[in-house]
Protein chains: 2
Amino acid sequence: MRLVIARCSVDYAGRLQAHLPLATRLLMVKGDGSLLVHSDGGSYKPLNWMSPPCTLATSEPDDEQRAAGIVELWTVTHKKTADRLIVSIHEVLHDSAHELGIDPGLQKNGVEAHLQKLLAEQIELLGEGHRLVRREYMTAIGPVDILATDASGASVAVELKRRGDIDGVEQLTRYLELMNRDPLLAPVTGVFAAQEIKPQARTLAEDRGIRCLVLDYDAMRGVDDGDSRLF
Amino acid sequence: MRLVIARCSVDYAGRLQAHLPLATRLLMVKGDGSLLVHSDGGSYKPLNWMSPPCTLATSEPDDEQRAAGIVELWTVTHKKTADRLIVSIHEVLHDSAHELGIDPGLQKNGVEAHLQKLLAEQIELLGEGHRLVRREYMTAIGPVDILATDASGASVAVELKRRGDIDGVEQLTRYLELMNRDPLLAPVTGVFAAQEIKPQARTLAEDRGIRCLVLDYDAMRGVDDGDSRLF
DNA sequence: CCCTATATTTCGGTA
DNA sequence: TACCGAAGTATAGGG
């Protein structure tokens with residue numbers, strides 16, 4: 001990995017066109033040739049970048065560019081699309097290279113998957129007498145998060161989200177339409193379960209006869225054996 | 001901005017829990033205190049990070065940690081949520097600080113906005129005899145991208161996307177339901193226009209009587225006066 | 001300030 | 001490989 005701090009301007013042309021005026025920034029050249037242009041603020045997203053696979057070529061400025069103060073040009077070209085990134089360097093303030101090796105990668109411990117597992121284990125949160133049929137119940141248009149039965153034995157389809165948005169209601173609606181055409185399942189009622197349900201989504205859901213269930217993740221995790229704590 | 005190359009392991013606890021095994025990585029500390037952990041590959045997303053507002057505290061390892069090879073501990077704490085990032089540093093290979101100043105920021109030149117402008121100018125792409133009523137036609141549930149009339153004078157609502165997905169069809173469906181209740185507008189037909197329309201979205205749209213229109217951005221831009229070319 | 005929609009999204013899953 | 005959904009999404013724009 002090469003790290004360069006430079007006064008530069010950047011032009012990108014590809015799916016859109018963008019320009020960064022002259023300023024001091026970090027240019028990070030990764031081992032795969034990809035380039036990240038970072039400022040000293042914002043979030044983890046660079047101001048501009050080129051994703052791999054791509055190649056970086058450096059060149060000398062022509063007379064006009066040299067007169068404008070440019071001392072070096074970097075052209076990063078994507079190998080598949082026609083995307084191009086041009087870095088016009090006016091001054092190099094730092095330049096260092098480092099051998100990092102390949103990274104073992106990130107190990108994650110679930111969010112929505114965990115929520116689904118917990119709700120399956122605590123299925124009576126849906127109401128007394130509910131029984132789990134199965135998680136990820138497969139239909140022609142995709143898997144329903146949880147299929148259960150209520151106290152009367154009728155089918156209940158559960159759509160699970162961390163944040164309950166209109167999209168999730170639409171998704172569950174499509175599942176319900178389809179499943180209610182199946183005589184072996186019908187009648188199927190719907191439950192929209194999420195840690196947080198947006199007012200718009202709740203309105204739409206209830207308008208369609210879908211029950212909304214707000215889940216308390218911490219409480220559910222508290223009931224759990226509590227294995228996966230790091231600290 | 002401070003740049004540190006170090007052999008380290010990282011633990012994150014917040015909305016999820018994640019762990020990075022010991023390896024050599026770049027630690028980027030931005031002026032606002034935020035931290036990015038980058039490997040020498042992947043895309044622009046860091047392996048792990050902490051977004052501002054947050055604070056970084058360094059501390060000495062205890063005896064047990066020192067025995068495990070840790071020479072320094074960084075604890076990054078988010079100021080609003082309880083998110084925490086702990087960097088266990090085993091070896092520092094590089095450490096430098098740089099003054100960057102505030103960045104003037106990125107200047108973008110349209111994507112969907114441009115597509116909307118182009119289609120409004122070339123409204124007959126919808127079909128012969130079509131006339132533009134207006135862009136961003138406001139309804140109670142949001143703006144319709146383009147409202148037009150067909151050769152017979154009937155209303156046409158256009159939903160525009162770069163990539164035509166099911167979401168867009170659902171969105172247009174909601175607009176059409178609403179607009180068809182307005183006697184001044186009804187009957188309103190729908191056109192789902194995008195650079196690329198997913199098969200699932202097309203099926204859903206046509207099933208609902210919505211016409212699909214694939215737009216050739218380059219061709220439309222070619223018809224345009226062609227002002228906004230960078231190279 | 002909250003909500004909504006987009007993204008040069010990226011990333012992981014499965015068919 | 002391609003498509004689809006989720007993300008510790010981030011970010012911009014409107015009410």
Side-chain angles (χ1 to χ4, degrees), chain A residues 10-18 34-37 41-52 54 76 78 80-85 105-106 108-113 115-116 136 138 140-143 145 159-163 165-168 170-171 194-196 198-201, chain B residues 10-18 34-37 41-52 54 76 78 80-85 105-113 115-116 136 138 140-143 145 159-163 165-168 170-171 174 194 196-201:
Chain A
V10 183
D11 287 282
Y12 165 77
R15 271 171 265 192
L16 59 75
Q17 295 174 340
S34 60
L35 176 73
L36 278 61
V37 182
S43 63
Y44 66 67
K45 195 176 180 179
L47 293 165
N48 224 323
W49 71 94
M50 184 64 76
S51 307
C54 62
V76 190
H78 198 272
K80 295 188 171 178
T81 67
D83 292 28
R84 244 185 325 175
L85 196 66
L106 188 67
K108 282 190 185 183
N109 277 28
V111 202
E112 187 178 313
L115 209 58
Q116 189 189 104
E136 302 286 350
M138 206 58 201
I141 55 171
D145 289 334
E159 176 64 34
L160 204 62
K161 294 282 178 215
R162 200 170 61 77
R163 280 175 33 185
D165 231 326
I166 276 187
D167 291 359
E170 299 287 10
Q171 196 180 337
Q195 274 187 273
E196 174 203 353
K198 295 282 173 68
Q200 279 199 347
Chain B
V10 184
D11 287 283
Y12 164 76
R15 269 172 266 191
L16 61 74
Q17 295 172 340
S34 59
L35 176 73
L36 279 61
V37 182
S43 61
Y44 68 66
K45 194 176 180 181
L47 293 166
N48 226 324
W49 71 94
M50 184 63 77
S51 306
C54 62
V76 190
H78 198 271
K80 294 188 173 179
T81 67
D83 292 27
R84 243 186 327 175
L85 196 66
L106 187 68
Q107 297 163 12
K108 282 189 184 183
N109 276 28
V111 200
E112 185 178 315
L115 208 58
Q116 187 188 109
E136 303 286 349
M138 206 57 200
I141 54 171
D145 289 335
E159 176 64 34
L160 205 62
K161 293 283 177 215
R162 197 170 64 77
R163 281 175 33 182
D165 230 326
I166 276 187
D167 289 0
E170 299 286 10
Q171 194 180 337
R174 289 196 294 276
E196 172 203 354
I197 295 182
K198 296 282 171 67
Q200 281 199 346

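Note: hydrogens, waters and symmetry copies are ignored here, and every other heavy atom, side chains too, is used. Lettering follows sequence order; numbering is per chain, from 1.
Comparing atom distances between the A:Ser51 side chain and each of C:dT10, D:dA6, C:dT6 picks out C:dT10 as nearest. Checked against D:dA10, C:dA5, C:dT9, the side chain of B:Gln171 finds its nearest nucleotide in C:dA5.
Rounded to whole angstrom, the span from the CG atom of B:Leu106 across to the P atom of D:dA10 amounts to 18 Å. A straight line from CD of B:Gln17 to P of D:dA7 spans 15 Å, rounded to a whole angstrom. Distance A:Lys161 NZ to D:dC4 C1': 11 Å, rounded to the nearest Å. Rounded to a whole Å, the NZ atom of A:Lys45 is 10 Å from the P atom of D:dA10. One can place OH of B:Tyr44 at 12 Å from P of C:dA7, the figure rounded to the nearest angstrom. Spacing between atom CD of B:Glu170 and atom C1' of C:dT4 amounts to 17 Å, rounded to whole angstrom units. Counting to the nearest Å, the C1' atom of C:dC2 and the NZ atom of B:Lys80 are 12 Å from each other.
Proximity of A:Trp49 to the phosphate of C:dT9: no side-chain N or O atom is located under 4.0 Å from OP1 or OP2.
A:Thr81 comes within 4.0 angstrom of nothing in the nucleic acid, heavy atoms only. A:Met50 comes within 4.0 angstrom of no nucleic acid atom, judged by non-hydrogen atoms across all strands.
Position along DNA chain C of the nearest nucleotide to B:Arg174 versus A:Gly14 favours B:Arg174 as the more 5'-ward residue.
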